[in-house]
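Quick notes on the structure that follows.
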Amino acid sequence: MSLIQANLSIYQNNLNIPQDLKVQPLALVGYSGLDIVNNAVHKSIWETFNNRTEKAPILYKIISNTHKFPVIKPKRNSYDWYIPKGILKRNWLNKYLQEVPAIVVIFYDLDWKDSLWNEKMIECASKVQSMRAAMEGRDTRILVVLIQNQLPIPEDPLAAERAIALCSSCELNSQSLYVLPHGQHLLGYTIRLETAFFDFCQNYYHNRVKIVKMHKEHLNKNSHQYLYVRHQFKMGFLNELKQDLHSAHKHYTLAYNNLLEIRIVDTNALEVRTVAGFINYKICKLLFALSLPRDAISQFKGHIDKFKNRLGFQELVFEHYAWLSKQYEIFGDIFDEAVKQGLPAVQIQHPGIYYQQAAQYAISRKDASHNLCSKIIAYPHPDPLEGLERMEFFGQRPWRPGKVSAEPPDPSTEANGIEAIQYLENQINHSSIIISLYGSAIAQYKIYKCPRIRRHLVLQMADECYNSKDFGKALTLLTHMLSDYREEKWYCIISNILEKAVRCAYLTANIQDYMQLSFEVLGSSVELSIEDKRRIYENLNRILKKQIPYGDPKLPHDVLQTAIILWQPVFGGDISIINLDMSQIVSCIEVKTRFVKPSFEIDQKVSLEVFVRSTCLFPLTFAQISVQVNTVNISSEFAVNDLADTSLTFHSKEVKRFFIEFEPDPNDINNEIEIESIKISIGDPAECSATLKFSGQATKPEHPELQHFKRSQHEVDFDNIKVVSKASIVPRHSKIMVKFEHAPPALVGECYEIYVSIINQELCGIKDLRVEILPEQDCNEVEFSCVPEFGTVKLPLILPTATTLSRSSKLTTSLFLRASKAEIKNIFVKITYRVDSDKPVISIKNETIVLPVVQPFEVTTRFLSGMMQTIHKFYAGENFGVMALIRCMSPWPICIEETSIEFITPVKSVEKDLQSIIAGSTISKEEVATELFLAVSDKQSDHNLAIGEYKVTWKRENGMSTITQVTLHGYHCDWIPLNLKVITPPYGLVRTPVTIEYHLLNQSSHLIQLDIGMEASEAFMFSGYRQTTVSVLPFSTKIFQYNLYPLLAGTVALPRLVLSIPENSTEGPALRQDQLNQLIERTIPFYIFVMPQLKGNPKLPDIIQKTNIVLKPLN
Amino acid sequence: MSRSTRFDTKKVNSELVNLTYGTLVAQMVKDLDNPDDVSKQLDRIGYNIGIRLIEDFLSKTGTARCLDLKDTADKIQTAFRLYLGVQPNVVNWSPAGDEFSFILDSNPLTELVELPENLKQLKYSNVICGAIRGALEMVQLDVQSWIVQDQLKGDQNTEIRVKFIRRLEDAMPAGED
Amino acid sequence: MADDILFDLLHSEIINYTLRNVDDNEKDKNSDKKDEDLSNLEYIGFSTGYRIIERLTREMPRFKDELDTLKFICTDFWSAIYKKQIDNLRTNHQGVYVLQDNAFRFLNRLSNGKQYLEVAPRYVAFTCGIIRGSLANLNVHCLVTADIQSLPSCKFHIQVQRV
Amino acid sequence: MAVCAAIVGKDNSPKFFCCINPDEELTFQYKVLSSLDIIEEKLNPASKSASEMRELYLGQLYSLETCKIYGYVTNTKIKFIIVVDSTNMALRDNEIRSMFRKIHSEYADMVSNPFYIPGEPITSKSFDSSIKNIITGTV
């Protein structure tokens, strides 16, 4: 057996790239004379050479004195009679990697001024000699390094002289002798030495290449094709050792091309293929190293294309597939390696692709080997593979070693050999190979954003697991993938997966998965043969009856047997209810739920509908249907209980509707409740039963708007039922009637009353009644009260009412408010109560009164001069009229009960007793009431005077009276020294004299001089001064009297009084001419009415009384 | 393919009409379970369209009153070209000359329509019959119109039959609706 | 090549049909319903829009982004269906677009006045559907509302729903 | 001629699938579904390729040793996929492109059928045959 095991491992190993080929080729340097075990100095030197980052690509090797170098083959000066036995020798690579150094360095401890200089020199020389002898015939260079204690002294004559001596005695040229002071700076010296060594190495390998090249002209194409390949390969490799990658690549490529020229027959197919694989490996690796990934890929593609169909022995065709698979795997590895080195890969070109292909060929290999090898039951004797482990050439058959293809094979040995290999192949666990390849591929596809391809690979992996009878693993892989496939609804594929998954679940007696998958399989979208569906349906029923389900008759007998054995214990003990989560699954049972209303009042029953559709081809009967409803605090389950008319048996395509009703929980008022899930249980709990749990959430179709047009054949249009999984619990809807009676708009300042009347239209009496006025955000301009006066009432204000109200009776109360601002007010009224029933739930009714508030009227003022002209300035001591105008703004007529004015000093009234003359009058919208007061200001003031407080007491008809007070504002008040009064009769009579007096008052403490004159007028004759100058003493009055004799009737201009300041006037306060003119304008009438002459002589009337009129507006 | 492709608005418009009409039919089919009711509805809708369309037709073509049924047929033929962009043949006159058919070798209305199995008896194009009836009623012609052949049913062309009933007195038509 | 008037007539027939139908259905259900149910009308629009866009975008290069799509709706699409371009498109660049048509085809023949404003929603529901359907098929899922201040101009508010 | 054509919806679910050789349906379904990975990547706005990919025709998505797979995505994110036997060298790129164009207009017509609900699988016989004709080049 062990023999077979050995062969088996070699057989498998032969597919791999040999280690020698894999390792990075390093120049080989032999060290002699270093005792790294006992000599500390030597040890430290050795380590500084080896343990360094970025050391030169050199492999240092200690060469013991007894070291045997490989013997040199005799130089052949003609290849005429030489027929190569193979392409690549197995040992050649190793020779250059491990055995033949490019240079040998002999270390020797010797200082220049060593006391025993001569003796040591001789010993050193002998060492060199023996080394030379050992390497007789090799052009490997020998160097000597003297390990010294002292640092070298520059220009040291002794050193120079002794160095020469040493060289001559060792027969070395001076370039071959070095010193290495091991004190400090050791590192520096080693680095310098190393670079020197590496140069020698490169030279050496360069020469080797030259030598190999020299053979070329001896070769001829027909008998030495192998050698062409071999030599090019060697040159490639030597160049690698030399670290000349470009040349290396060049030679490998040549080698590869030469190889392709070799005629391939069954007998050499393996060898050529093997070597081709090696060279291709080298080329690709180099191309990646030279960062030419595209070339690498195309090289590989070409490589495969060339050898894909070179099958070799039909009996061993699996070898070919194994090789192909290996080629892909290896390339995948190289590629992946390069990516790790920083090469960017893309979605459509990454290592995974090659691993996947490798897996494919691994499968072909498996199939081939099953066909060819399954019948081989015994390993042939004697071992035809004898010597397999020590073949001279790569890729040759042990039973025909080193034979050139020309020679005819010995059929019997060949047959045995083949049989032996077939036997070995049969021992191999292909599935594990395939699965691991899939594994690497999957990992890669994951990286390169290919979820779906990855999924597909996982499925293939699952298939392989299934083939290797690992049903459990297959099931896990399949079920994991299912969820992803479900999302994209590729039912053809899903069906395919389900079929396998169900089978696996069956074979592993996994009751949970089996049932869940079965319900899915029975769905209409799953494309399985009706027979299969029926079997699965029946199996479901069997399971519910605790009977072992039937296996798929397509399955081999033994497999079914083992499955049945697995099932037996499942029904042994009592099974707890099997819970199946159907939320992610499109099964043969579909469920939709909806609350019948978006919100339910606390005293109503919450009711919801459950729709269930079965798309199962066969009838299904359920035990119970229930829904789980989540509220904020708890989640509770409600079952469909009244099944009077509806049975729980569903036939194919049947849709049924169920109602569920339940009392809401008062804690949920103003909260949302949600249908969490729907549970359908099937089977008898006593026997075996399953509970299918469906999600209460809607599975939204792509476009409900389009689904809307779908025409359903059934009375219930299941597809267009909109799932409503959320509803809210709201307070009970109040059935009382609330009325507000009032007369809007409210007037600013008035006490406004609103009658609130409540009629109980509930079916029973109510108690704990409460009527509240709730505050608005900013209601500071409104005062509320329950009585017609206003204190400091805080909101919410509770209106005084009875707390109970019997059925269909009415109560009323009043709300009073006073607004101080004209705007639209919202008044919120909240009525809470309990119905006086066995279930006294709180009821709330919220009402809003929208109340516009307007100004009752506006007050404006005008000011008049003595001449009834509007003025914009007062003069101290001169009377003026204050005219208040009240314009009604309210739609309701307003009765003015009383008005009064309080003058503010220095303004005072001219009249002794003031009384309102508009009191008692009523004005409606846009009407104006006005009255006039005579006032005078004592003092001047250069800012606008506040005239007085005007107070209006008013009410709307049959309203409560309200006092509105406004401050009247006037103008500046000037002062001039002179005041002027005129006394005229109201009218004159033609040819009847009238007297006019002009009073000049000097209000100042200075003398006033004035020129006074009277202009002539054709309307009058008059007597009195026509022209004079007058001096008015301080605080005294001068009176000028004129007798006028009217000549014309009608309104005639009086003769004009002219006052002017004399030019030469020196005294007197500043009194300007313009002031004088204005004074005359505002105090002296221009006209007088002269009546025609009368019979007799009528008495003259007094001066005009003050006016009292209500001005009606025009229009 | 520049983004500023102006569409052939005529074409788009007819597609729009066909699609909208199609969706309307789908809606009806959903509302009324019986296909025959749908056909009736379509005819009624056609009628409503017809009684309004006639004004547009008269103003567009400025045609005078029809002399006889032959003339009417020709005018309707023009209407087909004007509104549906197809030119039907007027054939199969009854011996009495009071009945004839329009033959459409392609019916734009049904071009892209495929009737589901359970709707085979639906008269999809009834709207045309209705329109003819409605339009003629406005010019005091009382006719019947129905579909004889239908490409939707696999016939190789669509035939719409028109039968003259009577001439109405000049009066406001008893507008059905 | 159907004449424009055909579409106008069809459109008003659809309005009549859907409303009549709704009324029938409303009978048994809550009849005290203030504003009429235009959902069917809107659905018909949606379906039409969803389908026609498939035809219209057939020859078009891929849309760059959402804005590109909406521009298309306002220009080519609108003028193809409503015989004029949208007069003004505004957006907050957060998925809200306002399309203003100052002389909306279906409101043109509706004379101004309060009572007409009340029925105006009937004449835009179908179009709201068309817009929503077209955009939905172009994978811009949105809510569309129309607001009519003064006939015959109309603003369509599109609110894209990011998912 | 192509061996398989598929129409895949916005939601990446298959709306229509036809194979010249029905036995291959499942294997082709796997291939077509897998090709969505590449389409998604091509349309992914993040990847720079998406930005210049304004054309609806996406060209060859990927090729396996047995077949080549081509893709086309409409403005409405409907994906058309055509599978061509890799031994078939006759078929040139612009022929594939025009195949897609034809399929697209067939699809647009399908969507215009008021009794077809977009997003539902397409079951129409006539549609099936016309697609078959397109990919077999008999039109």
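In the text below, chain A, chain B and the rest are named by the order of the sequence lines, each starting its count at 1. Bear in mind that the values here come from a model prediction, so they are computed numbers and not experimental data.
Neither the backbone nor the side chain of A/Y448 comes within less than 4.5 Å of any heavy atom of chain D. With a 4.5 Å cut-off on non-hydrogen atoms, A/L459 touches chain D through its side chain but not through its backbone. With a 4.5 angstrom heavy-atom cutoff, A/I453 touches chain D via backbone and side-chain atoms both. Contact annotation for D/L33: both backbone and side-chain heavy atoms come within less than 4.5 Å of a heavy atom of chain A. For a residue to count as touching a neighbouring chain, one of its non-hydrogen atoms must lie under 4.5 Å from one of that chain's; by this rule A/Q357 touches chain D with the side chain only.
The OG atom of D/S126 sits 8.0 Å away from the CD atom of D/E106 when rounded to the nearest 0.5 Å.
A donor and an acceptor atom, one from each side chain of A/Y445 and D/D37, are nowhere located under 3.5 Å apart.
With respect to chain D, the highest number of heavy-atom pairs below 4.5 Å among A/E487, A/H456, A/K489, A/K710 belongs to A/H456. By number of non-hydrogen pairs under 4.5 angstrom with chain A, the leading residue of D/P14, D/S13, D/G119, D/P121 is D/P14. The residue among D/N12, D/L64, D/V8, D/D11 with the most heavy atom pairs within less than 4.5 Å of chain A is D/N12.
Surrounding CD of A/Q584 are at most 12 heavy atoms belonging to other residues, nucleotides or ligands under 6.0 Å away.
Of the possible donor and acceptor atoms, one in the side chain of A/K592 sits under 3.5 Å from a partner among the backbone N and O of A/D719. Formation of a donor-acceptor pair under 3.5 Å by the D/H104 side chain with backbone atoms of D/F100 is not found in this model.
Within the 4.5 Å cutoff, the side chain of A/C492 has no heavy atoms near those of the D/F17 side chain.
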